[in-house]
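Okay, structure first, notes after.
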Amino acid sequence: MLKTKVNLGEKSYPIYITKNFSGLGEALKKAVIGGKIVVITDSNVKNIYLEDLISLIKAAGYQVFSYVIEAGEASKNLDTLRNIFNELITLQLDRNSSIIALGGGVTGDVAGFAAASWLRGVNFIQIPTSLLAQVDSSIGGKVAVDFKKIKNIIGAFYQPKLVYINVNTLKTLSEREFRSGLAEIIKHSIIRDKEFFDYLESNIETLLSRDENALLYTIKKSCEIKATVVAADEKEEEERAMLNFGHTIGHAVESISAFNLLHGECVSIGMVGAFKLALKLGITEQSSLNRVTKLLKKIGLPVCVEAFDIGKLYQLMLSDKKARNNKLNFILPRNIGEVIQLEIDNEVIIKEVLNELIR
Ligand SMILES: NC(=O)c1ccc[n+]([C@@H]2O[C@H](COP(=O)([O-])OP(=O)(O)OC[C@H]3O[C@@H](n4cnc5c(N)ncnc54)[C@H](O)[C@@H]3O)[C@@H](O)[C@H]2O)c1
Ligand SMILES: [Zn+2]
């Protein structure tokens, strides 16, 4: 079992990176979790992991219940929350209780927001089972639901008491979801750690075969990078913005594709866009762009898109909540392992880059 930590003073918490669930009971006790536990999961993950997990938590001496939400982004809304709260009333869930999120980022975001708001906050535990959730959404305390088709518009910062990752749950994740999750790992290496990028480049085949040890190492490394960034800036005032590398263009591509592309696939395209922009501005070198593009292609991630309306995409980028005064905020690479933040209002150059992203 590997372990790392998110350092946030009194709100610090451990991240366990393991090969199975056998250490969960002890981890819960170490985090001084008492009272009733409600496991919230989705309709896919339920069929594979819920029963075993419940037996394990029971065996550790807890009273445990479960609640299942429909799998998919469409569940990340206020109706699902209302249903969860109805259940929590029935279960008489008090201040001493805990909510566990067992599943991908959708489950984590919904269950986390329920935990943050129920009785003004009960203990929250993340057991992420998708690759995206294991290296990204379960760490850092951002929880939210969508509203009126706007993603993550109602939410909170609410840190979990612990994150428990069993890398072997990834064995049942679909190939496309798995590859998409790798995009965020590549992102972490590019913003912070060149050696980690070198490792990913050399070991990509092993990783794609979901080798247990390669997963343990890679997920731990990736969690450490996210944890360090979050610890330096919990509420995204400065430092945490670097996690948005690849997301300025990525988010816009995600909405223009009407969510037919997965998040990681859009981030992949967005990272290539950021490198192309950095290259035009003379900040980075062609060789770095080539290396990143090659690795993304090896993973099977897209590095360009089918025809789209560049004007519309640009408008979507401007309407993102992170744009200010018609200036777009970009995280751009200097090298692999080092990024800088830049506000850019040069529409021509940005549109040139968008044009180059079309197949
Ligand atoms: N809170 C944050 O900081 C943060 C960061 C990034 C993304 N997000 C959010 O995360 C969500 C995306 O997360 P996601 O990609 O995990 O999506 P998801 O939760 O929808 O999971 C993807 C699919 O994989 C299935 N699945 C999950 N684990 C599985 C397993 N082990 N075996 C088989 N199937 C499994 C799910 O049922 C689902 O169908 C988005 O809503 C996004 O906004 C949040
Ligand atoms: Zn992302």
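Residue numbers run from 1 in the order of the sequence given. Hydrogens, waters and symmetry mates play no part in the numbers below; they use all other heavy atoms, side chains included. One-based numbering, in listed order, for ligands and for the atoms of each.
- Scanning all protein heavy atoms for the shortest distance to atom 32 (N) of ligand 1 gives Thr172 OG1, 2.7 Å.
- Each of the following atoms of ligand 1 lies closer than 4.0 Å to a heavy atom of Tyr49: 31 (N).
- Not a single N/O/S atom of Asp136, whether from backbone or side chain, sits less than 2.8 Å from the Zn ion (ligand 2).
- Taking the N/O/S atoms of His247 in turn, the shortest distance to the Zn ion (ligand 2) belongs to NE2.
- For His263, the closest heavy-atom approach to ligand 1 does not fall below 4.0 Å.
- When the options Lys142, Lys11, Glu234, Gln126 are evaluated for a side-chain hydrogen bond (donor to acceptor under 3.5 Å, both in side chains) with Gln159, the one that passes is Glu234.
- Taking the six-membered ring for Trp, Phe330 and Phe245 have ring centres at least 6.0 Å apart.
- Every residue two or more places apart in sequence or in another chain was checked for a side-chain hydrogen bond (donor to acceptor under 3.5 Å, both in side chains) with Lys161, and none qualifies.
- One hydrophobic cluster, built from ILVMFWY side chains closer than 4.5 Å, cannot hold both Phe157 and Ile99; they sit in different ones.
- Short contacts between ligand 1 and Asn152, defined as distances under 4.0 Å to a heavy atom of the residue, involve ligand atoms 43 (O).
- When only non-hydrogen protein atoms are considered, atom 35 (C) of ligand 1 lies nearest to Leu173 CD1, 3.5 Å.
- When only non-hydrogen protein atoms are considered, atom 4 (C) of ligand 1 lies nearest to Ser137 CB, 3.2 Å.
- With respect to atom 16 (O) of ligand 1, the closest heavy atom belonging to the protein is Ser130 OG, 2.6 Å.
- Nearest non-hydrogen protein atom to atom 3 (O) of ligand 1 is Lys142 CB, 3.7 Å.
- No part of Val143 comes within 4.0 Å of ligand 1, judged by heavy-atom distances.
- Under 3.5 Å, the side chains of Glu87 and Asn83 contain no donor-acceptor pair of N or O atoms.
- With respect to the Zn ion (ligand 2), Glu184 has OE2 as its nearest N, O or S atom.
- For atom 28 (N) of ligand 1, the nearest non-hydrogen atom from the set Leu170, Thr129, Leu102, Ile69 comes from Thr129.
- Near Lys76, with a cut-off below 4.0 Å to any heavy atom, the atoms of ligand 1 are 9 (C), 40 (C), 41 (O), 42 (C), 43 (O).
- Asp211 and Ser209 share no side-chain donor-acceptor pair at under 3.5 Å.
- Neither the backbone nor the side chain of Glu184 has a heavy atom within less than 4.0 Å of ligand 1.
- One side chain, Thr80 or Asn77, offers a donor N or O that lies under 3.5 Å from an acceptor on the other.
- Shown in contact with Glu73 at under 4.0 Å from a heavy atom are these atoms of ligand 1, numbered in order with element: 40 (C), 41 (O).
- Restricting His263 to its N, O or S atoms, the one at the least distance from the Zn ion (ligand 2) is NE2.
- Every atom of ligand 1 with a heavy atom of Gly104 under 4.0 Å away is listed here by number and element: 16 (O), 19 (O).
- The existence of a salt bridge linking Lys194 and Asp198 is confirmed by a sub-4.0 Å separation between a basic side-chain nitrogen and an acidic carboxylate oxygen.
- For atom 14 (P) of ligand 1, the nearest non-hydrogen atom of the protein is Gly105 N, 3.5 Å.
- The side-chain heavy atoms of Asn123 and Val32, taken from C-beta on, include no pair separated by under 4.5 Å.
- Taking every heavy atom of Ile48 and a limit of under 4.0 angstrom, the matching atoms of ligand 1 come to 32 (N), 33 (C).
- For the 3.5 Å distance criterion, the side chains of Glu236 and Asn244 qualify, holding a donor opposite an acceptor.
- With salt bridges taken as basic N to acidic carboxylate O contacts below 4.0 Å, one links Glu356 and Lys280.
- Per-residue contacts place Lys151 under 4.0 angstrom from the following atoms of ligand 1 (heavy atoms of the residue considered): 40 (C), 41 (O), 42 (C), 43 (O).
- Protein heavy atom nearest atom 37 (O) of ligand 1, with residue, atom name and distance: Asp42 OD2, 2.6 Å.
- In the model, Glu184 has no side-chain atom that pairs as donor or acceptor with a side-chain atom of Ser137 under 3.5 Å.
- Taking atom 18 (P) of ligand 1 as the reference point, the nearest protein heavy-atom neighbour is Val106 CG2, 3.9 Å.
- Side-chain contact annotation: Tyr49 with Thr172, donor-acceptor N/O pair under 3.5 Å present.
- Ring geometry, His263 versus His251: the interplanar angle falls from 30° to 60°, so the pair is classed tilted.
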